[in-house]
Amino acid sequence: MRREILFMAVMALCAVGCSVPKSLGVGAVERCDGGDVYHITSSLPVDYADSMEWILRYDKSDVEELRQRAKTENKECDVLFFGSSSIRLWSSLQEDMAPLKVVNRGYGGAQLRDIHFNYETVLADYRPKAFVFYCDNDLGGFGHDLYPTQLFDLYRLLFERLRSDYPDAPIYVLSIKFNESRAKLREEHRLFNALMEDYARHATGVTFVDVNTPLLSADGEVDNGYFEADLLHVNSRGYEVWTSVLKPLLLEQLTR
């Protein structure tokens with residue numbers, strides 16, 4: 001976010017008992033000894049990330065849509081899918097997962113920080129038998145990115161909360177997909193997937209699902225045939241691959 005920030009330097013000798021005026025004109029700073037008035041004549045543009053942006057940026061759009069849908073949707077379902085736009089854009093989800101009854105609670109641009117903040121809105125009072133989760137925007141190449149280890153901690157906190165609130169519902173976490181749009185973050189994505197895979201191997205009720213490897217070519221590179229033109233989101237072919245990997249696991253778990 002780019003904003004104009006006015007920088008001013010004012011030297012004051014507080015020991016002499018000077019006071020700050022209650023009201024000053026814009027761009028002016030009055031000396032505490034009653035002398036000259038200093039006027040700001042220029043500004044310095046500074047790039048910085050609003051510390052509240054991660055909470056507020058989607059609250060009036062995608063999250064609000066989830067809030068409204070929760071008023072009318074049937075809360076009973078087999079699987080609740082949630083996370084970022086890779087979940088939200090899965091338009092064929094219900095058909096792909098049939099006969100399982102699923103609900104899509106993903107929203108665009110979701111990050112782990114605002115998913116924690118919007119937890120009650122996203123999950124509302126749905127009563128799923130299992131969860132599927134995907135989110136990769138905390139490692140998206142933004143100025144406010146997390147380190148893979150920080151993201152790993154937020155994932156673990158989320159899953160602990162889910163297991164506390166839904167003790168009988170298994171959690172399926174999808175690996176972060178490699179993609180050309182964020183190719184510079186490949187090693188961060190690789191490290192995070194390794195951390196999450198190891199965590200799920202030992203955690204109760206959490207299954208790591210590798211939906212990344214099937215999207216790679218024989219030499220381990222990204223196969224763009226599975227991606228939309230933005231080279232970030234998977235296309236219908238990509239979702240077919242995800243379905244082929246994930247659906248058998250869900251059916252095995254939920255039709256025992």
Side-chain angles (χ1 to χ4, degrees), residues 1 49-94 96-97 100-140 142-146 150-177 192 196 200 203 205-207 209 211 232-234 239 242 246 250 254:
M1 184 180 299
D50 189 331
S51 60
M52 297 296 288
E53 181 183 5
W54 60 270
I55 293 179
L56 302 175
R57 60 202 170 117
Y58 295 103
D59 194 46
K60 295 182 179 180
S61 54
D62 287 23
V63 175
E64 179 59 28
E65 179 185 343
L66 294 182
R67 188 178 289 113
Q68 295 303 318
R69 278 174 41 203
K71 296 177 181 180
T72 58
E73 285 184 328
N74 188 340
K75 301 305 188 298
E76 301 288 346
C77 62
D78 292 314
V79 189
L80 187 148
F81 285 70
F82 74 115
S84 57
S85 56
S86 291
I87 296 296
R88 182 181 68 86
L89 296 173
W90 198 337
S91 59
S92 60
L93 182 63
Q94 293 188 2
D96 291 344
M97 293 297 155
L100 296 174
K101 182 179 179 181
V102 301
V103 62
N104 189 329
R105 301 291 289 173
Y107 65 96
Q111 296 182 349
L112 258 292
R113 287 161 286 187
D114 51 67
I115 285 177
H116 277 283
F117 182 80
N118 292 309
Y119 178 90
E120 294 182 356
T121 298
V122 173
L123 300 185
D125 54 350
Y126 289 85
R127 295 177 290 277
K129 299 176 183 177
F131 291 96
V132 172
F133 181 73
Y134 180 88
C135 186
D136 62 3
N137 288 319
D138 296 89
L139 298 176
F142 307 112
H144 49 265
D145 271 10
L146 299 176
Q150 293 175 311
L151 180 59
F152 174 60
D153 284 339
L154 287 180
Y155 262 77
R156 290 191 300 139
L157 288 172
L158 175 64
F159 296 160
E160 289 297 328
R161 187 172 183 182
L162 285 173
R163 288 191 295 183
S164 175
D165 294 343
Y166 305 86
D168 299 323
I171 303 164
Y172 295 83
V173 54
L174 307 186
S175 63
I176 291 181
K177 61 185 183 299
F192 176 79
M196 186 52 57
V206 179
T207 300
V209 184
V211 294
L232 174 62
H233 298 96
V234 295
Y239 284 123
W242 282 20
L246 178 61
L250 295 175
L254 300 175

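Below, each value reflects all heavy atoms present in this structure, side chains not excepted, and no hydrogens, waters or symmetry copies.
- Legend: salt bridge (Lys or Arg N to Asp or Glu O under 4.0 Å) pairs involving residues 166-176, not counting sequence neighbours: none detected.
- Side-chain atoms of Lys177 do not come within 3.5 Å of backbone N or O of Ser175 as any donor-acceptor pair.
- In this structure, Asp78 pairs ionically with Lys129, as a charged nitrogen and a carboxylate oxygen lie closer than 4.0 Å.
- The minimum heavy-atom distance between Arg69 and Asn104, with the atom names listed, is NH2-O, 2.5 Å.
- Leu246 is listed as a side-chain neighbour of Phe81, based on a closest heavy-atom distance under 4.5 Å.
- Residues Leu89 and Tyr239 are in side-chain contact: their nearest non-hydrogen atoms beyond the backbone lie under 4.5 Å apart.
- Looking only at side-chain heavy atoms (C-beta outward), Leu158 and Ile171 stay at 4.5 Å or farther from each other.
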Exercise for review: Test Met97 against Val79 for side chain to side chain contact (heavy atoms under 4.5 Å, CB included), laying out the working first.
Suggested key: CA-CA 9 Å; Met97 293 297 155; Val79 189; over 6 Å; no
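- Judged by the 6.0 Å distance and 45° axis criteria, Arg161 is positioned over the aromatic ring of Tyr119.
- The shortest side-chain heavy-atom distance between Leu123 and Tyr126 does not fall under the 4.5 Å cut-off.
- Atom-to-atom distance recorded for Leu250:CG and Leu100:CG is 6.0 Å, nearest 0.5 angstrom.
- Atom CD of Gln68 sits about 10.5 Å away from atom OG1 of Thr121, to the nearest 0.5 Å.
- Once rounded to the nearest 0.5 Å, the distance linking CG of Leu151 with CG of Leu146 reads 6.0 Å.
- Shown here is Glu73, whose CD atom has more than 12 heavy atoms of other residues, nucleotides or ligands within 6.0 Å.
- Aromatic ring centroids of Tyr134 and Trp90 lie 6.0 Å or more apart.
- Annotation: side chain of Gln150 is not in contact with side chain of Leu154 (no heavy-atom distance under 4.5 Å).
- Here the two rings, on Phe131 and Phe159, have centers that are 6.0 Å apart or farther.
- Side-chain atoms of Phe82 and Ile87, non-hydrogen and from C-beta on, never get closer than 4.5 Å to each other.
- With a 6.0 Å radius and a threshold of 12 heavy atoms from other residues, nucleotides or ligands, Glu120 has its CD atom at or below the threshold.
- Checked by atom type and distance alone, the side chain of Asn137 pairs as donor or acceptor with a backbone atom of Ala110 at under 3.5 Å.
- Contact of the Asp136 side chain with the Ser84 side chain is registered, since non-hydrogen atoms from C-beta on lie closer than 4.5 Å.
- A donor-acceptor pair is defined here as one N or O able to donate and one able to accept, closer than 3.5 Å; such a pair exists between the side chain of Asp62 and the backbone of Gly108.
- Minimum interatomic distance between Leu66 and Gly106 (heavy atoms only, all atoms of both residues): CD2-O, 4.1 Å.
- Panel note: side chain Arg105, backbone Val122; a donor-acceptor pair is recorded below 3.5 Å.
- Between Trp242 and Ser86, the shortest heavy-atom contact is CH2-CB, 4.1 Å.
- Judged by the 6.0 Å distance and 45° axis criteria, Arg156 is positioned over the aromatic ring of Phe152.
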Exercise for review: Could you walk me through whether Asp114 and Val63 pass side chain to side chain contact (heavy atoms under 4.5 Å, CB included), step by step?
Suggested key: CA-CA 10 Å; Asp114 51 67; Val63 175; over 6 Å; no
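- Here the closest heavy-atom approach between residue Pro128 and residue Ala169 is recorded as O-CB, 4.1 Å.
- Closest approach of Ala130 to Tyr172, counting heavy atoms only: CB-CE1, 4.4 Å.
- Side-chain contact check for Leu112 versus Leu157: every heavy-atom pair is 4.5 Å or farther apart.
- By the 4.0 Å N-to-carboxylate-O rule, Arg88 lies too far from Glu65 to be salt-bridged with it.
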